[in-house]
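The basis for the numbers below is simple: all heavy atoms, side chains too, and nothing from hydrogens, waters or symmetry mates. A, B, ... follow the sequence lines: proteins, then strands. Residue 1 opens every chain.
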2 protein chains.
Amino acid sequence: MFQALADPNRRQMVQRLSEGPASVSELAAPLQMTLSAVVQHLAVLEGAGLVRSQKIGRVRNCQLETQALRAAERWISERRTLWERRFDRLGAFLAEQAAESEEENGA
Amino acid sequence: MFQALADPNRRQMVQRLSEGPASVSELAAPLQMTLSAVVQHLAVLEGAGLVRSQKIGRVRNCQLETQALRAAERWISERRTLWERRFDRLGAFLAEQAAESEEENGA
DNA sequence: GCGATACTTAAGCTCATGCTTCACCAACCA
DNA sequence: TGGTTGGTGAAGCATGAGCTTAAGTATCGC
């Protein structure tokens, strides 16, 4: 899924879809590439569960699937807070050490 | 930066670093590959600003840089909430339509 | 029905990515 | 001081990602 978000064109597609549903050609419009390539990118996004789409008549309607985005967000968030919490504990420890050192000086 | 997080081995390194700082060989230990390869992955992570490292003696000490993680998190979050808000408005609109329809039936 | 539209599928091409090996250097330590 | 440990750098290789072209299919509007 991070793999899917790794490509800037795909991120642009996600960006576009975050503003509302779109057809394949609407997604393709701002991207300087073939419709074929866009469909391939779309397949990656769908494979990652980031986008859902259904064909109505001859146009395929695509929309964002927030579940997957939420999962990615959570993964990052968990790692980040884990590290930050560790950092805070370290800070507290150092502060404590400093305080003890102060005491020793005082005694 | 999403590019950097795209590789599962690199994510594992980030995971490891979220639990605390580590040397290059410590990062390499659980990964079934050469130290050389690990250093290359590390370079990618550093290039993306996800990791900072400094060499002390002959061992390189690596630690997570939460700024970049935070940025990635924000990007996802913004897209997601943008879409979800749209979704909510749509729900509200449909509810309103339904209410109007009720009124018409009543009238 | 017929042309235009909106994809779809397959094949192939190119370049980046992820890895390995090998040679090397620097620092630690017995 | 010499061997071991920890890391660096360059070269090369295999695979896969991203793109294109080309040919095909299914709707839509007239």
Side-chain angles (χ1 to χ4, degrees), chain A residues 1-17 19-65 68-69 72 75-76 79, chain B residues 1-17 19-65 68-69 72 75-76 79:
Chain A
M1 190 186 38
F2 281 111
Q3 183 64 268
L5 288 175
D7 185 90
N9 292 314
R10 283 198 290 267
R11 277 202 303 277
Q12 199 175 330
M13 289 169 74
V14 168
Q15 161 72 40
R16 169 65 190 79
L17 286 173
E19 295 164 7
S23 70
V24 176
S25 8
E26 278 169 352
L27 284 177
L31 300 173
Q32 217 116 38
M33 65 173 104
T34 326
L35 201 64
S36 232
V38 173
V39 171
Q40 285 169 46
H41 280 307
L42 189 61
V44 174
L45 288 173
E46 287 206 61
L50 286 163
V51 169
R52 195 172 15 133
S53 77
Q54 55 180 337
K55 201 159 181 179
I56 301 173
R58 63 182 167 170
V59 1
R60 175 169 295 276
N61 201 274
C62 310
Q63 54 177 61
L64 220 52
E65 194 67 64
L69 281 178
W75 190 92
I76 297 179
R79 267 69 203 165
Chain B
M1 190 185 41
F2 282 112
Q3 183 65 271
L5 288 175
D7 185 90
N9 292 314
R10 284 199 289 266
R11 278 202 301 279
Q12 200 175 330
M13 288 169 75
V14 168
Q15 161 71 40
R16 169 65 190 78
L17 286 174
E19 294 164 8
S23 70
V24 176
S25 9
E26 278 169 352
L27 285 177
L31 302 173
Q32 216 115 39
M33 65 172 104
T34 327
L35 200 64
S36 234
V38 173
V39 171
Q40 284 170 47
H41 280 307
L42 189 60
V44 174
L45 289 172
E46 287 206 61
L50 286 163
V51 170
R52 195 170 17 133
S53 78
Q54 55 180 337
K55 203 162 180 177
I56 301 173
R58 62 180 168 172
V59 2
R60 173 169 298 276
N61 201 275
C62 309
Q63 53 177 61
L64 218 53
E65 194 68 63
L69 282 178
W75 190 91
I76 297 179
R79 266 71 206 160

Nucleotide nearest B:Ala37 (side chain, heavy atoms from C-beta), chosen from C:dT20, D:dG7, C:dC7: C:dT20
From the list C:dC19, D:dC19, C:dC7, which nucleotide is the closest neighbour of the side chain of A:Met33? D:dC19
Do A:Ser36 and C:dT9 share a donor-acceptor pair, side chain to base, under 3.5 Å? yes
Side chain to side chain contact (heavy atoms under 4.5 Å, CB included), that's the test. Do B:Glu46 and B:Leu42 meet it? Break it down for me. CA-CA 6 Å; B:Glu46 287 206 61; B:Leu42 189 60; 4.2 Å; yes
Please pick, from C:dA6, D:dG7, C:dC19, the nucleotide with the shortest atom-to-atom distance to any side-chain atom of A:Val59. C:dA6
Measure the distance from CZ on B:Arg60 to C1' on D:dG9 and round it to the nearest whole Å. 13 Å
Go through D:dG7, C:dG18, D:dC19 for me and flag the one nearest to the B:Arg10 side chain. C:dG18
Tell me the interatomic distance from A:Glu26, atom CD, to C:dT5, atom C1', rounded to whole angstroms. 14 Å
Suppose we call a contact any N or O donor and acceptor under 3.5 Å apart; does that hold for the side chain of B:Arg58 and the base of C:dA27? yes
Expressed in angstrom and rounded to an integer, what is the separation of B:Leu31 atom CG from D:dG7 atom P? 14 Å
Student check: side-chain heavy atoms of A:Leu50 and A:Leu64 closer than 4.5 Å: no
Among D:dT8, C:dG18, D:dC19, find the nucleotide with the atom closest to the side chain of B:His41. C:dG18
Under 4.0 angstrom between A:Lys55 side-chain N/O and D:dT27 OP1 or OP2: no
Taking B:Arg11 for the side chain and B:Ala6 for the main chain, is one N or O donor matched with an acceptor at less than 3.5 Å? yes
Rounded to whole Å, please give me the gap between CG in A:Asn9 and P in D:dC19. 5 Å
Separation of D:dG6 atom C1' from B:Asn61 atom CG, nearest Å, is 13 Å
Tell me: CG of A:Leu35 to C1' of D:dT25, nearest whole Å? 14 Å
Has the side chain of A:Ser23 got a donor or acceptor atom that lies under 3.5 Å from a matching backbone atom of A:Glu26? yes
Is any side-chain nitrogen or oxygen of B:Thr34 closer than 4.0 Å to OP1 or OP2 of C:dT20? yes
To the nearest Å, give me how far apart CG (A:Asp7) and P (D:dG16) are. 18 Å
Per the atom types in the model, does the base of D:dT20 pair as donor or acceptor with the side chain of A:Gln40 at under 3.5 Å? yes
Spacing between A:Gln3 atom CD and C:dT17 atom P, to the nearest angstrom: 11 Å
Check the pair A:Leu31 / A:Met13 against side chain to side chain contact (heavy atoms under 4.5 Å, CB included), numbers first and verdict last. CA-CA 9 Å; A:Leu31 300 173; A:Met13 289 169 74; 3.8 Å; yes
Choosing from D:dA10, D:dG7, C:dT8, which nucleotide comes nearest the side chain of A:Val39? C:dT8
